[in-house]
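Report on one structure; see the data block that follows.
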Amino acid sequence: QVQLVESGGGLVQAGGSLRLSCAASGRPFSNYAMGWFRQAPGKAREFVAAINWNGVRSQFADSVKGRFTISRDNAKNTVSLQMNSLKPEDTALYYCAAGGRIQSLGKSDEYDYWGQGTQVTVSS
């Protein structure tokens with residue numbers, strides 16, 4: 001089992017920045033690819049960003065490319081999502097996820113463990 005706890009969400013004005021963090025515990029963190037997904041009210045969960053086990057490969061949704069970056073620190077068992085130039089449409093509950101055998105970083109059903117989420121609200 002892997003436990004994931006997100007933090008860093010909050011209310012920010014459009015154009016602002018937030019940094020989300022996800023702390024993992026349980027099985028060795030470096031065994032897992034890590035992803036961020038989000039779900040807005042009334043909408044399906046969608047992929048945001050992901051990073052492979054050693055941080056060499058990352059992937060982003062088109063909607064956040066150039067604005068969001070993802071990083072991980074395997075020594076600290078954390079993965080972070082830096083979100084810049086935030087837009088009202090980025091408002092959602094953001095989830096951290098871990099997957100041990102990821103073929104496609106952007107596919108949510110390939111992830112094994114999920115956090116409870118942290119709310120991000122961007123005001124216009």
Side-chain angles (χ1 to χ4, degrees):
Q1 288 286 342
V2 174
Q3 293 77 43
L4 303 171
V5 179
E6 303 95 336
S7 61
L11 174 64
V12 64
Q13 288 188 332
S17 298
L18 282 174
R19 185 176 181 87
L20 304 184
S21 293
C22 175
S25 60
R27 293 183 177 178
F29 182 67
S30 60
N31 287 357
Y32 296 91
M34 300 298 296
W36 286 96
F37 294 79
R38 66 188 182 187
Q39 187 167 19
K43 295 187 177 181
R45 184 171 57 191
E46 65 175 1
F47 169 72
V48 176
I51 190 166
N52 76 326
W53 70 274
N54 61 1
V56 170
R57 185 165 60 97
S58 61
Q59 185 174 327
F60 297 89
D62 288 343
S63 59
V64 307
K65 281 181 181 176
R67 300 188 297 123
F68 291 12
T69 58
I70 188 170
S71 60
R72 66 186 295 159
D73 186 335
N74 286 350
K76 295 182 178 179
N77 292 352
T78 59
V79 61
S80 297
L81 183 70
Q82 178 66 42
M83 306 186 296
N84 299 327
S85 302
L86 283 161
K87 304 176 181 180
E89 51 263 45
D90 294 318
T91 295
L93 188 61
Y94 283 70
Y95 296 93
C96 171
R101 296 181 179 182
I102 299 290
Q103 297 293 322
S104 174
L105 288 172
K107 291 187 176 182
S108 62
D109 58 4
E110 295 196 13
Y111 288 81
D112 305 305
Y113 303 102
W114 293 81
Q116 294 298 306
T118 185
Q119 179 67 39
V120 172
T121 303
V122 184
S123 63
S124 57

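Being a predicted model, the structure only gives us computed values, none of them experimental. One-based numbering along the sequence shown.
Side-chain atoms of Arg72 and Asn77, non-hydrogen and from C-beta on, never get closer than 4.5 Å to each other. Tyr32 places none of its side-chain heavy atoms less than 4.5 Å from the side chain of Tyr111. Leu4 places a side-chain heavy atom less than 4.5 Å from the side chain of Met34. Contact check for Phe60 versus Ile70: side-chain heavy atoms found under the 4.5 Å cut-off.
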Any chance you could lay out the salt bridge (charged side-chain N to carboxylate O under 4.0 Å, His left out) test for Asp90 and Arg67, step after step, and finish with the verdict? CA-CA 11 Å; Asp90 294 318; Arg67 300 188 297 123; 2.7 Å; yes
Derivation of the side-chain contact (heavy atoms from CB on, under 4.5 Å) call for Trp36 and Glu6: CA-CA 10 Å; Trp36 286 96; Glu6 303 95 336; 3.9 Å; yes
I'd like to know whether Leu11 forms a side-chain contact (heavy atoms from CB on, under 4.5 Å) with Gln119, so could you lay out the CA-CA distance, the side-chain angles of the two residues, the decisive distance to 0.1 Å, and finally the verdict. CA-CA 8 Å; Leu11 174 64; Gln119 179 67 39; over 6 Å; no
Yes or no on salt bridge (charged side-chain N to carboxylate O under 4.0 Å, His left out) for Asp62 and Lys65, after CA distance, side-chain angles and deciding distance? CA-CA 5 Å; Asp62 288 343; Lys65 281 181 181 176; 3.1 Å; yes
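A side-chain donor-acceptor contact under 3.5 Å links Thr118 to the backbone of Gly9. Side-chain atoms of Asp112 come within 3.5 Å of backbone N or O of Gly100 as a donor-acceptor pair.
By the salt bridge (Lys or Arg N to Asp or Glu O under 4.0 Å) test, Asp109 is found to be paired with no residue, residues two or more places apart in sequence or in another chain being considered. Evaluation of the side-chain contact (heavy atoms from CB on, under 4.5 Å) rule for Thr69 yields Gln82 as partners, not counting sequence neighbours. With sequence neighbours left out, Phe68 forms a ring pair (Phe, Tyr, Trp, His ring centres under 6.0 Å) with no residue at all. Among residues two or more places apart in sequence or in another chain, the side chain to side chain donor-acceptor pair (under 3.5 Å) test is passed with Ser85 by none. With sequence neighbours excluded, the residues satisfying side-chain contact (heavy atoms from CB on, under 4.5 Å) with Val120 are Leu18, Leu20, Met83, Tyr94, Val122. Partners of Ser17 by side chain to side chain donor-acceptor pair (under 3.5 Å), not counting sequence neighbours, listed by chain and number: Asn84. Under the side-chain contact (heavy atoms from CB on, under 4.5 Å) criterion, Ser7 pairs with Ser21, not counting sequence neighbours. Taking the side-chain contact (heavy atoms from CB on, under 4.5 Å) definition, one finds that Gln103 meets it with Glu110, sequence neighbours left out. In this view, Lys43 satisfies the salt bridge (Lys or Arg N to Asp or Glu O under 4.0 Å) rule with no residue, not counting sequence neighbours.
The hydrophobic clustering, which links ILVMFWY residues whose side-chain heavy atoms are closer than 4.5 Å, places Leu93 and Phe37 together. Under the 4.5 Å side-chain heavy-atom criterion for grouping Ile, Leu, Val, Met, Phe, Trp and Tyr, Phe29 is connected to Leu81 within one hydrophobic cluster.
Within the structure, the disulfide (SG to SG under 2.5 Å) test picks out the following pairs touching residues 22-104 (sequence neighbours left out): Cys22-Cys96. Residue pairs meeting the salt bridge (charged side-chain N to carboxylate O under 4.0 Å, His left out) criterion with at least one member in residues 23-36, sequence neighbours excluded, do not occur.
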With a 3.5 Å cut-off and sequence neighbours excluded, list the donor-acceptor pairs that the side chains of residues 45-56 form with protein atoms.
from, atom 1, to, atom 2, distance (Å)
Glu46, OE2, Arg38, NE, 2.5
Glu46, OE2, Arg38, NH2, 3.0
Asn52, OD1, Gly55, N, 3.1
Asn52, OD1, Val56, N, 2.9
Asn52, OD1, Arg57, N, 2.9
Asn52, ND2, Asn54, OD1, 2.8
Asn54, OD1, Val56, N, 3.1

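The shortest heavy-atom contact between Trp114 and Ser108 is CZ2-O, 3.5 Å. Between Ser71 and Val79, the closest heavy-atom pair is O-CG2, 3.1 Å.
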